[in-house]
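Just below is one structure, and these are the notes that go with it.
Start at 1 and go down the list; that is how both ligands and their atoms are numbered. Position 1 is the first residue of the sequence; numbering continues from there. All values derive from a computational prediction rather than experimental measurement.
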Amino acid sequence: MSTVNAYSAKAAKAPLGPTTIERRAPGPADVEIDIKFCGICHSDLHQVGDKWGGSQFPMVSGHEIAGVVASVGKDVTKFKVGDHVGIGCFVDSQRSLPGSPPNVADIEQYLPNAVMTYNGMERDGKTPTMGGYSEKIVVNENFIMRVPESIPLDKAAPMMCAGITLYSPLRHWGAGPGKKIAIVGLGGLGHMGVKIAHAMGAEVSVLSQTLSKKDDGIKMGADHFYATSDPSTFEKLKNTYDLIINTVSAKMDWDALLALLKPDGTMVVVGIPEEEVSIVAFSLVTGRRSLAGSMIGSIAETQEMLDFCAEHGVTPDVEVIAVQDVNDAYKRVMKSDVRYRFVTDTSTLSKN
Ligand code: NAP
Ligand code: ZN
């Protein structure tokens, strides 16, 4: 066991503050990681605020973790001390399931007993998981990604959630040359979606609330940029897209978005509004359109994303902050005032 500095929320909606937590001694298949950076995902805000329900406190959030291997258990073969590594949204998962396909590892994030990096329960059924706003984490070697040399750790961190959450549906629904794709919401997830879809060769539009981020979006690789606050956007873009990825965390008019799909097009929901969203059946049936959802990606796919991004020079735009500034950062995320991902510098935790 080791005691490490961390930042936690003691109750729903309480500001985060300094604390210490225990990390288990590495078992034979475990890797002990010195966390260097952790991204702030909007999911952290939903969960710290208990907006989705079921949050457990005290909570150390953070599931966009990048760090350096500090020690390895005796059976570990994939990593060695000093390696640059990442941890995403889950730290364990069932490797086989009765009746499931043999390639179950491809969908391990969807399996019923996947262990979430925080706000979950370890395999022992009694130890709450604690996330990346902390100095160390101990994880089984099968749930760790290798960070390519060309990607600095502060930029690698957000790729563990924001990067894979957009890469996975873009790959699954065939983003590439000849495909028209819209990314709704230019935040942490959305800006990675623009960069990755562009690198895949698709024609990319951003649908943002206003045009205030237009210059940034175009620099990231968007071909077109539209304001959803302008009603003419929805008129002129009817029947345009093969694929829409909706990253918005707030309630929006999904019928209006579905109308922008071509026949047979798909809107993939990755943003998770706290309120119910309803749709009119006509929005789907009139174009044989699909409404789908997608959640992060498997460990293998996350590694594939990192390697793809390294090959194409894709990294997030980050603003590195002290962990002590996390409460202010949360307020700015709520106002969509982030360019485009906050990342906490773990070295500041020693000043707790
Ligand atoms: P974020 O950085 O806050 O970005 C969300 C973006 O949505 C904002 O930048 C803004 O973009 C747009 N937006 C915000 N409020 C809006 C409103 N009232 N109406 C319309 N658009 C609005 O958040 P994020 O970290 O990218 O996460 C987005 C969502 O995805 C969250 O709900 C999060 O929990 C969820 N998530 C899901 C997964 C998954 O696996 N499915 C993984 C990670 C996160 P513009 O300023 O451009 O409009
Ligand atoms: Zn996330």
Side-chain angles (χ1 to χ4, degrees), residues 38-49 51-52 55 61-65 86-90 107 109-110 114 116-119 131-133 157-170 172 182-195 205-218 220 222 225-230 233-234 245-254 256-257 267-275 277 292-298 301-302 305 316-319 329-343:
C38 183
I40 294 180
C41 176
H42 204 116
S43 300
D44 300 347
L45 280 70
H46 293 295
Q47 292 179 88
V48 162
K51 296 291 179 58
W52 291 336
S55 287
S61 43
H63 58 206
E64 294 187 334
I65 298 171
I87 307 291
C89 298
F90 61 105
I107 54 159
Q109 73 276 26
Y110 298 117
M116 294 296 125
T117 302
Y118 70 88
N119 201 21
Y133 305 173
M159 300 171 83
M160 304 301 157
C161 173
I164 184 59
T165 299
L166 272 288
Y167 180 88
S168 183
L170 287 167
H172 186 81
I183 305 287
V184 189
L186 194 66
L189 267 55
H191 94 291
M192 284 306 290
V194 171
K195 292 183 181 203
S205 297
V206 176
L207 304 186
S208 186
Q209 293 166 93
T210 67
L211 296 181
S212 64
K213 300 175 182 171
K214 181 173 178 182
D215 290 349
D216 291 349
I218 301 295
M220 289 169 194
F225 201 104
Y226 302 100
T228 51
S229 54
D230 177 354
T233 293
F234 290 94
I245 312 250
N246 183 356
T247 75
V248 173
S249 47
K251 193 169 171 174
M252 267 187 98
D253 182 350
W254 286 8
L257 291 171
M267 179 162 89
V268 182
V269 173
V270 295
I272 311 173
E274 292 156 6
E275 297 168 72
V277 184
S294 183
M295 189 176 78
I296 45 173
S298 68
E301 196 178 22
T302 308
M305 174 274 306
D317 295 5
V318 300
E319 183 174 337
Y330 275 24
K331 286 184 197 142
R332 284 183 53 195
V333 172
M334 283 311 293
K335 290 191 281 188
S336 304
D337 174 24
V338 44
R339 301 286 190 275
Y340 279 86
R341 197 55 138 188
F342 287 114
V343 172

At less than 4.0 angstrom from any non-hydrogen atom of [X], what atoms of ligand 1 do you find?
{"X": "T165", "result": "38 (C), 39 (C), 40 (O), 41 (N), 42 (C)"}
{"X": "W52", "result": "34 (O)"}
{"X": "G271", "result": "29 (C), 30 (O), 32 (O), 35 (C)"}
{"X": "T247", "result": "28 (C), 29 (C), 30 (O)"}

Using a heavy-atom cut-off of under 4.0 Å, does the side chain or the backbone of [X] touch ligand 1, or both, or neither?
{"X": "R341", "result": "side chain"}
{"X": "S212", "result": "neither"}
{"X": "F225", "result": "neither"}

Output yes when the distance from some N or O of ligand 1 to some N or O of [X] is under 3.5 Å, and no in every other case.
{"X": "A250", "value": "no"}
{"X": "L189", "value": "yes"}
{"X": "H46", "value": "yes"}
{"X": "M252", "value": "no"}
{"X": "G185", "value": "no"}
{"X": "Y340", "value": "no"}
{"X": "S208", "value": "yes"}
{"X": "I272", "value": "yes"}
{"X": "I296", "value": "yes"}

Would you sort out whether D317 and R339 count as a side chain to side chain contact (heavy atoms under 4.5 Å, CB included), showing the intermediate values? CA-CA 7 Å; D317 295 5; R339 301 286 190 275; 5.9 Å; no
Give a yes or no answer on whether the side chain of [X] reaches the backbone of [Y] with a donor-acceptor pair at less than 3.5 Å.
{"X": "T233", "Y": "A227", "value": "yes"}
{"X": "S229", "Y": "Q209", "value": "yes"}
{"X": "R332", "Y": "V338", "value": "no"}
{"X": "Y110", "Y": "M295", "value": "yes"}

Backbone or side chain, does C41 get an N/O/S atom under 2.8 Å to the Zn ion (ligand 2)? yes
Nearest 10°: the angle subtended at the Zn ion (ligand 2) by C161 SG and H63 NE2? 120°
Which word best sums up how the rings of H46 and W52 line up, parallel for under 30°, tilted for 30 to 60°, or perpendicular for over 60°? parallel
What residue and atom, counting heavy atoms only, is the protein's closest point to atom 12 (C) of ligand 1, and at what distance? Q209 NE2, 3.9 Å
What protein heavy atom sits nearest atom 43 (C) of ligand 1, and how far off is it? C161 SG, 3.2 Å
Hey, could you give me the SG/OH distance between C89 and Y118, rounded to the nearest 0.5 Å? 8.0 Å
